[in-house]
Asker: 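The following block contains the structure, expressed as structure tokens.
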There are 2 protein chains.
Amino acid sequence: MNDNSEKQKMVKMLKALANPIRLKMIASLHEKPKNVYALAKELEIPYPLAHLHLNGLKKLGLVKEVRAEQKVKGLPSVKYYAPSKFEIVLTPETIGKLYAESERGKNG
Amino acid sequence: MNDNSEKQKMVKMLKALANPIRLKMIASLHEKPKNVYALAKELEIPYPLAHLHLNGLKKLGLVKEVRAEQKVKGLPSVKYYAPSKFEIVLTPETIGKLYAESERGKNG
DNA sequence: TTAGTATGTAATATTTTTCTTATATATAAA
DNA sequence: TTTATATATAAGAAAAATATTACATACTAA
């Protein structure tokens, strides 16, 4: 019942990482945490696009908010993001295992 | 000049692997080499679709022909495929490195 | 000769992903 | 008040990926 979610999660993760903008974002945030606005400027893409891509990474837990600086009074603070700790190893073996294990999971 | 190809190749590889059918194919071929027709039946998808997906993997070198059995006389032999040996490790560090190194490659 | 095995491709249709444009809010500085 | 900083979302357009249908070839077995 739940054995599919592992495979589905993997596909979602890989889809998220299979994009040059999102890879660049992770690389940039790994170097130094920053906010969406700065990221958009650095990658030379419009803010809504940057927001969209970062949000996708955030939803999958590949990127997280590390701190929120309240520059002014009680107002929209600047949110800094950094990559989460993740490790995905792709080999014929790991892929084979992913499917073999969930097959077994079906019955026992 | 050539520093982009590494990143582009990575994105292509990840795109190829970010698909349930293609992951299943690799898992199945890792278990036992087989031909497109058998793969199509096993995954319960139409042959042209299986051909399309396997071709994508083949073009990137993720899957290779391991042998061709000539069942009959001088005719379309059955082609068996297996995954190539590959290893892709995805962490914030490896992604950061991928982009940092190619940046440096631009000038030196 | 029809069904099953086996290959491969082309054209189209569908679906998903990606990108742009527009909207809305809020502050500071010029 | 206009520009720059900063957030967030929605709607629609464009592009890319995915899937279907049809075609063409070729042998074997029923």
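To find a chain, count down the sequence lines: A is the first, B the second, and so on, and within it residues start at 1.
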Asker: Taking only residues two or more places apart in sequence or in another chain, which ones pass side chain to side chain donor-acceptor pair (under 3.5 Å) with Gln8(A)?
Answerer: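 By the side chain to side chain donor-acceptor pair (under 3.5 Å) rule, Gln8(A) matches no residue at all.
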
Asker: To the closest 0.5 Å, what do you measure between NZ (Lys12(A)) and OG (Ser5(A))?
Answerer: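 Nearest 0.5 Å value for the NZ-OG distance: 9.5 Å.
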
Asker: To the nearest 10 degrees, what angle separates the axes at the start and end of the helix from dT1(C)-dA30(D) to dA30(C)-dT1(D), five pairs each?
Answerer: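 Here the local axes at opposite ends form an angle of 30°.
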
Asker: Calculate, to the nearest 0.5 Å, the distance between atoms OH and NZ belonging to Tyr80(A) and Lys32(A) respectively.
Answerer: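 Answer for the OH-NZ pair, Tyr80(A) versus Lys32(A), is 7.0 Å.
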
Asker: With the criterion set at under 5.5 Å between ring centres and under 30 degrees between planes, would dT5(D) be stacked on Tyr47(A)?
Answerer: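 No, Tyr47(A) does not stack on the base of dT5(D), since the centre distance and plane angle fail the 5.5 Å and 30° test.
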
Asker: Scan residues 16-44 of chain A against DNA chain C and write down, sorted by residue number, each residue with any heavy atom closer than 4.0 Å; if none is found, say none.
Answerer: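 The stretch gives Asn19(A), Ile21(A), Arg22(A) as the residues lying under 4.0 Å from the strand, ordered by number.
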
Asker: Using side-chain heavy atoms (C-beta onward) and a distance below 4.5 Å, is Glu87(B) in contact with Val89(A)?
Answerer: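 Yes, side chains in contact.
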
Asker: Pairs under 3.5 angstrom, nitrogen or oxygen only, protein versus nucleotides 10-15 of chain D, please.
Answerer:
none

Asker: How long is the line joining CD1 of Ile45(A) and C1' of dT17(C), in whole Å?
Answerer: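 So the two atoms are 15 Å apart, to the nearest Å.
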
Asker: Rounded to the nearest angstrom, tell me the gap between atom CG in Asn55(B) and atom P in dA19(D).
Answerer: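 So the two atoms are 15 Å apart, to the nearest Å.
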
Asker: Counting only pairs under 3.5 Å, give me each side-chain donor-acceptor contact of residues 23-31 of chain A, with atom names and distances, residues two or more places apart or in other chains.
Answerer:
residue: Ser28(A); atom: OG; partner: Lys34(A); partner atom: NZ; Å: 2.9
residue: Ser28(A); atom: OG; partner: Glu42(A); partner atom: OE1; Å: 3.0
residue: Ser28(A); atom: OG; partner: Glu42(A); partner atom: OE2; Å: 3.1

Asker: Using whole Å, report how far CG of Leu49(B) lies from C1' of dA11(C).
Answerer: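 Between C1' of dA11(C) and CG of Leu49(B): 15 Å.
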
Asker: What's the separation between atom CD1 in Ile88(B) and atom CZ in Phe86(B), rounded to the nearest 0.5 Å?
Answerer: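 Answer for the CD1-CZ pair, Ile88(B) versus Phe86(B), is 6.5 Å.
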
Asker: With the side chain counted from C-beta on, respond yes when Lys9(A) and Leu60(A) share a heavy-atom pair under 4.5 Å apart, and no when they do not.
Answerer: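 A side-chain contact under 4.5 Å exists here.
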
Asker: Would you mind reading off the distance between Gln8(B) atom CD and dA16(D) atom C1', rounded to a whole angstrom?
Answerer: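 Going from Gln8(B) (CD) to dA16(D) (C1'), I get 16 Å.
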
Asker: To the nearest 0.5 Å, what is the distance between NZ on Lys15(A) and CG on Leu17(B)?
Answerer: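 One gets 12.5 Å once the value is rounded to the nearest 0.5 Å.
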
Asker: Considering just the side-chain nitrogens and oxygens of His53(A), establish if one lies under 4.0 Å of OP1 or OP2 belonging to dC19(C).
Answerer: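 The answer is yes; a side-chain N or O of His53(A) sits under 4.0 Å from OP1 or OP2.
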
Asker: Name the closest nucleotide to the Val78(B) side chain, picking from dG8(C), dC19(C), dA6(C).
Answerer: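 Ranking dG8(C), dC19(C), dA6(C) by closest atom to the Val78(B) side chain puts dA6(C) first.
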
Asker: Between CD1 of Ile45(A) and CG of Leu52(A), what distance do you get to the nearest 0.5 Å?
Answerer: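 If I round to the nearest 0.5 Å, the distance is 9.5 Å.
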
Asker: To the nearest 0.5 angstrom, please state how far the NZ atom of Lys79(B) sits from the CG atom of Leu54(B).
Answerer: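 Going from NZ on Lys79(B) over to CG on Leu54(B), the span is 11.0 Å.
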
Asker: Pick the closest DNA chain D nucleotide for His51(A) and for Lys15(A) by heavy atoms, then say which residue is nearer the 5' end.
Answerer: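 Here His51(A) is the residue nearer the 5' end.
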
Asker: Report the distance from atom CD of Glu65(A) to atom C1' of dA6(D), rounded to the nearest whole Å.
Answerer: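 For the pair Glu65(A) CD and dA6(D) C1', the rounded distance is 14 Å.
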
Asker: Of all residues at least two apart in sequence or in a different chain, which pass the side-chain contact (heavy atoms from CB on, under 4.5 Å) check with Lys58(B)?
Answerer: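 For Lys58(B) the side-chain contact (heavy atoms from CB on, under 4.5 Å) partners, ignoring immediate neighbours, are Asn55(B), Tyr81(B).
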
Asker: Find the distance Tyr81(B):OH to dT7(C):P and express it as a whole number of Å.
Answerer: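 Rounding to the nearest Å, OH of Tyr81(B) and P of dT7(C) are 8 Å apart.
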
